[in-house]
There are 2 protein chains.
Amino acid sequence: MTLVTASPLPRKRATVHDVAREAGVSRGTISRMLNGDGYVSADARERIEAAIRKVGYVPSTTARNLVRQRTNAVGFVVHEPHALFLEDPNIGAILLGANEALSEADHQMVCLVVGSERDAERVGRYLRGGFVDGCVVVSAREHDPITAVVRAAQLPVAFVGHPPDLQDMSWVGIDNVASAHEITSRLLATGRHRVAMIAAALDRDSGADRLAGFRQALGDRFDAGLVARVEHYAYSDGVRAMTELLDRAPDVDGVFAASDALAAGALEALLRAGRRVPQDVGVVGFDDSAWATRCTPPLSTVRQPAEGLGRAAARSVLAQIAGEQRAPAAILLDTPVVWRASA
Amino acid sequence: MTLVTASPLPRKRATVHDVAREAGVSRGTISRMLNGDGYVSADARERIEAAIRKVGYVPSTTARNLVRQRTNAVGFVVHEPHALFLEDPNIGAILLGANEALSEADHQMVCLVVGSERDAERVGRYLRGGFVDGCVVVSAREHDPITAVVRAAQLPVAFVGHPPDLQDMSWVGIDNVASAHEITSRLLATGRHRVAMIAAALDRDSGADRLAGFRQALGDRFDAGLVARVEHYAYSDGVRAMTELLDRAPDVDGVFAASDALAAGALEALLRAGRRVPQDVGVVGFDDSAWATRCTPPLSTVRQPAEGLGRAAARSVLAQIAGEQRAPAAILLDTPVVWRASA
DNA sequence: TTGAAAGCGATACCAG
DNA sequence: CTGGTATCGCTTTCAA
């Protein structure tokens with residue numbers, strides 16, 4: 001640890017008052033100018049601009065927020081950061097999509113990370129306390145405290161995904177059942193007979209629905225013994241599940257993994273077991289994340305429009321803030337199948 | 001898109017005033033109670049609590065921030081989100097570390113993403129406008145507008161990494177030169193003679209320093225022809241660079257990649273070229289990210305204490321806010337070498 | 001076109 | 001222990 005120089009004198013922030021005195025006008029005039037209400041003489045405008053530069057004035061966001069009763073900021077609430085920011089490749093894209101949409105509307109996205117009980121409580125306070133005008137919530141689970149808070153606060157909100165207790169709040173998502181059904185069918189169409197699934201996150205709708213779609217696609221051929229259940233969508237879970245599956249059913253010739261990361265793990269396990277993909281076993285994933293193309297062979301998968309989800313959620317919140325969208329809506333985005341070499 | 005139900009009536013928020021009237025006490029008493037200054041009779045306390053519940057009172061963060069002249073929130077500013085949130089595995093861990101430290105101090109972390117000019121301008125406004133009490137900045141480049149803003153605002157700040165124009169602001173980081181030197185030496189010690197490097201992000205200190213350390217370790221044996229330069233720390237860059245390197249110098253028997261993602265890409269290219277790792281070519285990476293263990297063979301690498309960086313940065317900011325740490329400091333964290341099977 | 005004044009919703013000091 | 005009052009920094013009628 002190295003010390004470098006001494007700290008500078010802490011100068012006090014300039015206020016409208018200072019600018020007013022300096023420019024010889026009233027604070028009202030300054031405010032009007034800054035907020036573009038027109039009706040400011042060229043003369044006054046000039047003097048104010050000079051004064052602002054001279055005293056180094058920057059309006060106080062806080063004071064402005066208080067009087068306007070709005071912040072022009074929208075929260076982006078993320079849960080379980082460990083599982084998400086570090087493992088889920090979608091979260092970053094969703095965040096980017098949301099930021100883009102908000103930026104276009106000149107709103108500030110403030111991302112709030114909930115990593116503990118304590119965080120949940122504090123984030124709740126900020127949310128209800130008017131720190132933001134609305135928020136996007138990703139990966140809420142059932143009975144999520146955040147869900148309760150935004151409902152109680154009647155805050156404009158859009159969820160990404162739909163926990164069962166959303167009631168009358170808006171959400172955006174994809175049709176997990178249909179997507180899983182489709183890709184499973186495609187896999188079956190390659191002539192596989194013993195198709196397994198690596199299912200994950202069954203306590204969330206995404207996980208449960210993908211399993212449901214898989215089951216639906218198999219119909220009579222569904223064999224519960226060919227479903228490996230794991231906790232997370234992670235690579236290591238995929239390795240473990242596939243190893244177990246090979247053990248249980250050595251004749252397996254097809255696998256639908258509930259995420260690309262899981263599929264990549266499965267690939268690794270298959271490789272270790274000496275199986276060739278796609279010759280011996282066909283593998284398909286879900287997400288079309290970076291995993292899909294970095295695997296060997298590249299994964300056939302379902303494209304999850306992550307950025308689009310973020311954008312749509314943000315737009316929904318903005319519409320609610322603007323008072324346009326009155327009724328809660330459920331927005332489903334398309335999920336094209338991307339067919340590559342793994343099946 | 002499905003419409004669900006009608007929206008509820010927008011009730012107005014209760015204020016201290018309402019609670020005061022309801023409980024028959026003055027607003028001062030309520031404030032004292034809420035802010036734990038003691039000195040509130042059991043009787044008053046009870047009536048206030050009841051009143052709060054009854055009118056559904058939640059203090060306004062905004063109003064409180066204004067009068068207190070502090071928000072108890074710290075910004076976490078991220079640049080170039082595409083490169084970072086989607087590619088850099090460290091950013092998530094840094095964010096988590098920072099959040100953890102802030103949470104312990106009961107401060108709210110608000111993550112602000114700068115994805116465009118417009119974002120930079122807006123984030124600058126929020127930062128200077130007192131939206132947060134201080135901030136952590138990751139991945140600032142030279143002449144970064146954010147750097148200028150925090151300097152001008154004299155905002156308590158800690159950078160993760162150190163762009164050259166930091167002047168007297170605090171930062172936390174690692175010794176990239178020494179780390180690169182060490183792992184290169186270890187690689188050489190395995191008996192390699194033609195050791196190449198895949199260098200990236202040479203416009204940032206991390207990238208340039210890793211190259212410098214590599215060069216230093218090689219001394220006389222340094223051969224500029226064995227350095228492949230790429231833009232990003234990404235997997236695909238690694239594949240490309242390694243392919244090129246094999247082309248240029250087929251006798252290469254060792255590679256130091258400036259990140260694990262690059263190393264993973266290199267592994268892929270080597271595999272394709274029919275080289276065995278570590279028998280024919282030894283490969284080492286940097287970061288000790290998830291890449292390192294998910295590769296085959298797992299990577300020998302340098303552990304970058306990402307969470308620790310986030311925590312340290314956050315602590316530094318907190319100390320500055322508390323007025324403890326007056327002088328700017330440079331904090332370097334340790335980077336142990338993690339030796340696995342790839343070299 | 002501009003100034004004066006009334007809030008926005010809390011906190012904090014000061015008598016009592 | 002508690003109530004009154006000034007204040008935080010800005011926006012926004014309302015007259016002039």
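Model, not experiment: these values are computed from the prediction. For the numbers below, each heavy atom of this structure counts, side chains included, while hydrogens, waters and symmetry mates do not. Residue numbering restarts at 1 for every chain, and letters A, B, ... go by the order of the sequence lines.
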- Could you please spell out the steps behind the side-chain contact (heavy atoms from CB on, under 4.5 Å) verdict for B/E49 and B/M33? CA-CA 9 Å; B/E49 276 168 355; B/M33 183 190 124; 3.6 Å; yes
- Task: Please report the C-alpha distance between A/T61 and A/R64 in whole Å, then the side-chain angles of each, then the deciding distance to 0.1 Å, and finally whether the side chain to side chain donor-acceptor pair (under 3.5 Å) criterion is met.
- Result: CA-CA 5 Å; A/T61 315; A/R64 187 197 301 250; over 6 Å; no
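Applying the ring pair (Phe, Tyr, Trp, His ring centres under 6.0 Å) definition to pairs two or more places apart or across chains, those involving residues 109-129 of chain A are A/Y126-A/F131. Applying the ring pair (Phe, Tyr, Trp, His ring centres under 6.0 Å) test to every pair with at least one member in residues 95-123 of chain B, sequence neighbours left out, gives no pairs at all.
Shown for residues 62-69 of chain A: residues whose heavy atoms fall under 4.0 angstrom of DNA chain C, namely A/L66, A/V67, A/Q69.
Remark: A/D119 engages A/V114, A/S116, A/R122, B/N99, B/S103 in a side-chain contact (heavy atoms from CB on, under 4.5 Å) (not counting sequence neighbours). Annotation: side-chain contact (heavy atoms from CB on, under 4.5 Å) contacts of A/R47 (sequence neighbours excluded): A/A23, A/V25, A/D43. Every residue meeting the side-chain contact (heavy atoms from CB on, under 4.5 Å) condition with A/A314, not counting sequence neighbours, appears here in chain and number order: A/A98, A/A101, A/L102. In this structure B/H162 satisfies the side-chain hydrogen bond (donor to acceptor under 3.5 Å, both in side chains) test together with B/D205, sequence neighbours excluded. Taking A/T62 as the reference, nothing meets the side-chain hydrogen bond (donor to acceptor under 3.5 Å, both in side chains) condition, with sequence neighbours excluded. A/D18 is linked by a side-chain contact (heavy atoms from CB on, under 4.5 Å) to A/A14, A/T15, A/R21, counting only residues two or more places apart in sequence or in another chain.
The distance between atom CE of B/M33 and atom C1' of C/dA10, rounded to the nearest whole Å, is 15 Å. Counting to the nearest Å, the C1' atom of C/dA10 and the CD1 atom of B/I52 are 13 Å from each other.
Heavy atoms from other residues, nucleotides or ligands lying under 6.0 Å from CD of A/E104 number more than 12.
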Below 3.5 Å between N/O atoms, which protein atoms pair up with nucleotides 1-4 of chain C? Just atom names and distances, please.
{"unit_1": "C/dT2", "atom_1": "OP1", "unit_2": "A/S41", "atom_2": "OG", "d": "2.4"}
{"unit_1": "C/dT2", "atom_1": "OP2", "unit_2": "A/S41", "atom_2": "N", "d": "2.8"}
{"unit_1": "C/dG3", "atom_1": "OP2", "unit_2": "A/S26", "atom_2": "N", "d": "2.8"}
{"unit_1": "C/dG3", "atom_1": "OP2", "unit_2": "A/S26", "atom_2": "OG", "d": "3.3"}
{"unit_1": "C/dG3", "atom_1": "OP2", "unit_2": "A/T29", "atom_2": "OG1", "d": "2.7"}
{"unit_1": "C/dG3", "atom_1": "O6", "unit_2": "A/R32", "atom_2": "NH1", "d": "3.3"}

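Evaluated for a side chain to side chain donor-acceptor pair (under 3.5 Å) with B/E22, the options B/H17, B/K54, B/R53 yield exactly one hit, B/K54.
Here chain A contacts DNA chain D (any atom closer than 4.0 Å to a heavy atom, that is under 4.0 Å), and the contacts span D/dG9 to D/dT12 from 5' to 3'.
Residues A/E100 and A/L96 form no side-chain contact, since every pair of their non-hydrogen atoms from C-beta on lies 4.5 Å or further apart.
The phosphate of C/dG9 has neither OP1 nor OP2 within less than 4.0 Å of any side-chain N or O from B/Y57.
Heavy atoms of A/T15 sit under 4.0 angstrom from primed sugar atoms or phosphate atoms, though from no base atom.
Two end axes, each from the C1' atoms of five base pairs, can be drawn for the helix from C/dT1-D/dA16 to C/dG16-D/dC1; they diverge by 40°, to 10 degrees.
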